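Notes for the one structure printed next.
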Amino acid sequence: MSDKNEKWNDLLNQSFEYPEALSGVENRLEKRIIKKQRNRRTLLSSISAIAASLLFVILVNTSTAFASIVSDIPLIGKLAEYVKFDKGLSNAVENDYVQEVNLTAWDENEKLLLPYVIADEKNLVLFFQLPQEFKQESNQWVNIKLQEMFDGISGEKIEGFSYSTSSLPAEGREQNNGLIMQDYHFSEGNLPRSIDIEVIVEMETFINSQDERVVFDEVAETEKGPIIEEIGTFRFHIDFEKFGEPITYVLNENQIIMGQEIIVEDMVVYPTGTEVTFRFPKENTAWIKGLELEVEQTGDILYKGSNGISGTHDEENNWMRVYIESNYFEEPKKQELVIKGIRLLDKEEEFITIDLDNKTINPVIDGTELQEVIKHSGKADLIFSTITTNDDSFGMFSHQYKDEEGNYYEYKEEGSYITDSLMKTKITVEYPVSGKIILQRSLTPKLLLEEPIRISLPLQE
Amino acid sequence: MLGAKGIDKKSYISLVTENKEMMYRVAFGYLRNETKALDAVDEAVYLGYVHSHELKEPKFLKTWLTRILINECYKILRKDKREVIMELLPEETYNIADDSLSLKLAVQNLPEDLRKIIVLRYFGGYTISETAEIIEIPEGTVATRTRKALGILRVEISE
């Protein structure tokens with residue numbers, strides 16, 4: 001059998017390695033059906049104008065009597081589809097924590113809509129919408145990129161946040177009513193009550209058919225990838241409704257994990273997300289670079305790490321905030337904060353010297369090797385191989401490196417991927433005169449605790 | 001609570017039990033991640049249940065459920081497609097080294113019309129005829145696209 005065919009069979013066989021959780025599909029389905037029925041009864045008992053429209057959506061999804069109007073689901077019903085991967089945001093939408101802003105911005109003849117937002121002090125979710133008349137071919141994706149954000153009252157530029165954004169392909173556009181979601185998290189400071197935001201709408205055109213390969217090569221001579229065209233720049237002024245008051249749990253719990261002291265300071269629950277703050281004494285011998293958290297109730301996982309954002313820390317690594325889904329709209333019940341995993345970086349192994357000529361790392365790092373050094377045009381591609389588990393993927397190095405004289409440089413190129421429990425990381429550097437560079441390690445493989453740490457959360461009134 | 005006309009909850013759940021392994025393999029073929037594949041399966045079986053009254057013929061439930069599953073996989077892929085960080089954050093790496101095409105990535109990088117065929121036929125185990133029914137294209141087109149996809153992947157499989 002050819003090598004390629006062997007790899008093909010290995011690839012197919014991986015899909016036959018069924019996880020244990022697959023056996024619970026039926027139970028999870030039954031629980032969701034019961035919960036949906038319960039939510040419908042709860043909504044029926046407290047009707048408001050907006051709740052009535054939400055009720056309409058839920059009834060449309062579950063009752064044959066409304067089957068004929070399934071195709072006319074109001075736009076707000078689509079939001080639930082977009083946020084369903086985040087239990088906290090799903091609950092926010094179900095509990096009517098959505099602000100209808102109905103804004104429109106123009107750039108000459110192009111228009112962009114902003115019908116809904118979800119906001120609290122720490123998180124902002126924007127639902128942009130392309131107008132119906134916006135033309136999009138089957139091989140085109142629409143992206144929205146943030147340019148700038150300002151405080152809507154003081155005019156100060158807002159910084160210290162991160163965001164993730166969805167893209168919209170032509171396929172599925174009708175189903176999604178042309179919605180594009182952006183999710184902002186304000187790790188430093190709070191979201192102001194009013195903002196001015198400027199975004200760019202781009203069209204990405206993919207040439208993905210072999211028949212058109214010649215055309216692609218002619219057009220994309222100097223760069224690979226899709227063709228990007230700017231559609232327009234759009235500005236919005238948003239005044240937010242009163243943010244939901246956060247719920248604070250003061251914990252001040254000292255824990256020792258793998259010989260390192262961790263102080264769980266507090267947990268603050270906002271309508272759209274939860275922040276758990278940790279402090280680390282200077283006496284620790286390792287930096288705490290990441291923590292995997294869950295909120296559990298009677299052994300069931302209720303809320304876990306938020307998709308796309310897991311945590312931030314200060315420059316000295318004295319504190320860290322970890323983000324998980326919110327349980328803001330849940331009835332108060334006995335719950336536990338569970339620490340399931342940790343990323344540790346030995347302080348003495350934070351900086352490593354790479355000898356490009358001899359392909360060595362000093363000090364030696366367990367589980368990581370410098371697999372390849374490829375010299376080209378005065379540069380070098382360094383390919384590292386790190387043992388990892390459960391498709392755990394992370395950034396190994398800080399974005400800068402230095403030479404032995406202490407001069408700093410930025411990477412030319414950086415990328416990573418996982419294959420068969422090995423994470424390959426590639427960086428491209430200028431080939432150093434001395435043949436050596438010094439890298440600063442950033443993250444390490446996640447270690448799952450054999451005995452997770454459980455912290456009881458006080459019952460809130 | 002009834003789903004499709006003539007299909008009660010118990011029968012629907014039996015169908016899920018019968019097909020969940022196949023569904024997982026299809027989702028895994030698309031998403032290459034155990035957790036995301038499970039999420040896609042969970043979501044698809046739930047949506048299949050709440051929308052099953054829209055299904056005209058109960059005998060097409062399996063095909064219909066597979067289509068819902070594929071849409072769920074697209075949604076997850078779309079959600080993962082872009083992540084832009086304004087400040088340096090730990091945990092996520094986002095760029096795939098473009099000179100590293102393992103077979104896994106090669107499948108992911110196939111044009112969508114070919115990837116769908118490969119995932120259904122070789123991960124899902126569907127025949128040409130079943131695949132044609134799910135995607136709603138002629139059987140001949142399924143066969144042609146299969147050969148094309150295997151050619152791109154440089155895998156030789158006798159049909």
Side-chain angles (χ1 to χ4, degrees), chain A residues 2 4-5 7-8 11-12 14-16 18-19 21-22 25-26 28-30 32-33 36-37 61-62 64 67 70 84-85 143 145-146 159-167 169 171-172 208-210 224 289-290 308-312 391 393-395 399 414-417 419 424 426 442-443, chain B residues 1-2 5 9 13 16-17 20-21 24-25 28-29 32-35 38-39 41-43 45-46 49-51 53-54 71 74-76 78-79 81-93 95-100 102-105 107 111-112 122-123 148 152-157:
Chain A
S2 74
K4 201 79 183 200
N5 272 41
K7 285 184 181 162
W8 176 246
L11 186 61
L12 294 181
Q14 278 177 38
S15 68
F16 281 84
Y18 303 117
L22 191 63
V25 166
E26 297 89 334
R28 291 193 292 274
L29 172 63
E30 294 228 52
R32 277 184 84 174
I33 292 169
K36 197 76 173 171
Q37 289 172 311
N61 281 343
T62 57
T64 52
V70 162
K84 68 187 176 196
F85 298 105
N143 306 316
K145 287 186 178 167
L146 174 75
E159 289 173 324
F161 63 90
S162 61
Y163 82 99
S164 61
T165 183
S166 66
S167 293
E171 186 178 346
N208 60 6
S209 163
Q210 269 197 314
K224 294 179 190 174
K289 288 293 193 170
I309 300 172
S310 60
T312 54
D391 284 342
S393 164
F394 53 90
H399 60 285
E414 182 182 356
S416 68
Y417 70 97
T419 175
K424 305 277 178 131
K426 174 185 148 186
S442 176
L443 295 178
Chain B
M1 186 183 197
L2 288 182
K5 196 176 172 183
K9 185 169 100 172
I13 289 179
V16 167
T17 304
K20 66 182 179 182
E21 287 182 351
Y24 174 80
R25 293 197 306 272
F28 189 83
R32 308 307 310 157
N33 177 286
E34 183 182 287
T35 307
L38 275 170
D39 279 347
V41 170
D42 276 348
E43 196 60 28
V45 301
Y46 176 69
Y49 185 76
V50 296
H51 288 290
H53 57 274
E54 298 172 34
N71 279 340
Y74 283 164
K75 284 177 186 171
I76 294 172
R78 272 207 308 274
K79 189 179 188 308
K81 189 174 159 54
R82 292 285 182 269
E83 193 158 302
V84 179
I85 310 296
M86 299 298 287
E87 61 173 40
L88 201 61
L89 280 183
E91 300 296 331
E92 298 293 338
T93 52
N95 297 316
I96 305 294
D98 55 15
D99 61 348
S100 60
S102 64
L103 207 48
K104 200 184 287 198
L105 291 176
V107 171
E112 183 44 43
Y122 296 106
F123 290 86
K148 193 168 173 180
I152 294 172
L153 297 173
R154 297 199 191 97
V155 173
E156 291 160 19
I157 297 175

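In what follows, chains are A, B, ... by sequence order, proteins preceding strands, each numbered from 1. If you're wondering where the values come from, they're calculated on a predicted model, not measured in any experiment.
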- Would you call A/Arg28 and B/Glu43 a salt bridge, using N to O less than 4.0 angstrom? no
- Are side-chain heavy atoms of A/Leu29 and B/Asp42 found at a separation under 4.5 Å? no
- Message: Looking only at heavy atoms and a cut-off of under 4.5 Å, which of B/Thr35, B/Val41, B/Leu38, B/Val16 has the most pairs with chain A?
- Response: B/Leu38
- Query: Is A/Leu11 close to B/Phe123 at the side-chain level, that is, under 4.5 Å between some pair of heavy atoms?
  - Reply: yes
- B/Val45 portion near chain A, given a 4.5 angstrom heavy-atom threshold: both
- Message: Could you check whether any side-chain heavy atom of B/Val107 comes within less than 4.5 Å of a side-chain heavy atom of A/Trp8, counting everything from C-beta outward?
- Response: yes
- Item | Inter-residue atom distance B/Lys9.NZ - A/Glu30.CD, 0.5 Å rounding | 4.5 Å
- Separation of B/Tyr24 OH from A/Leu22 CG (nearest 0.5 Å): 7.5 Å
- Note on the structure: Of all heavy-atom pairs linking B/Arg25 and A/Ser15, the shortest is CG-O, 3.4 Å
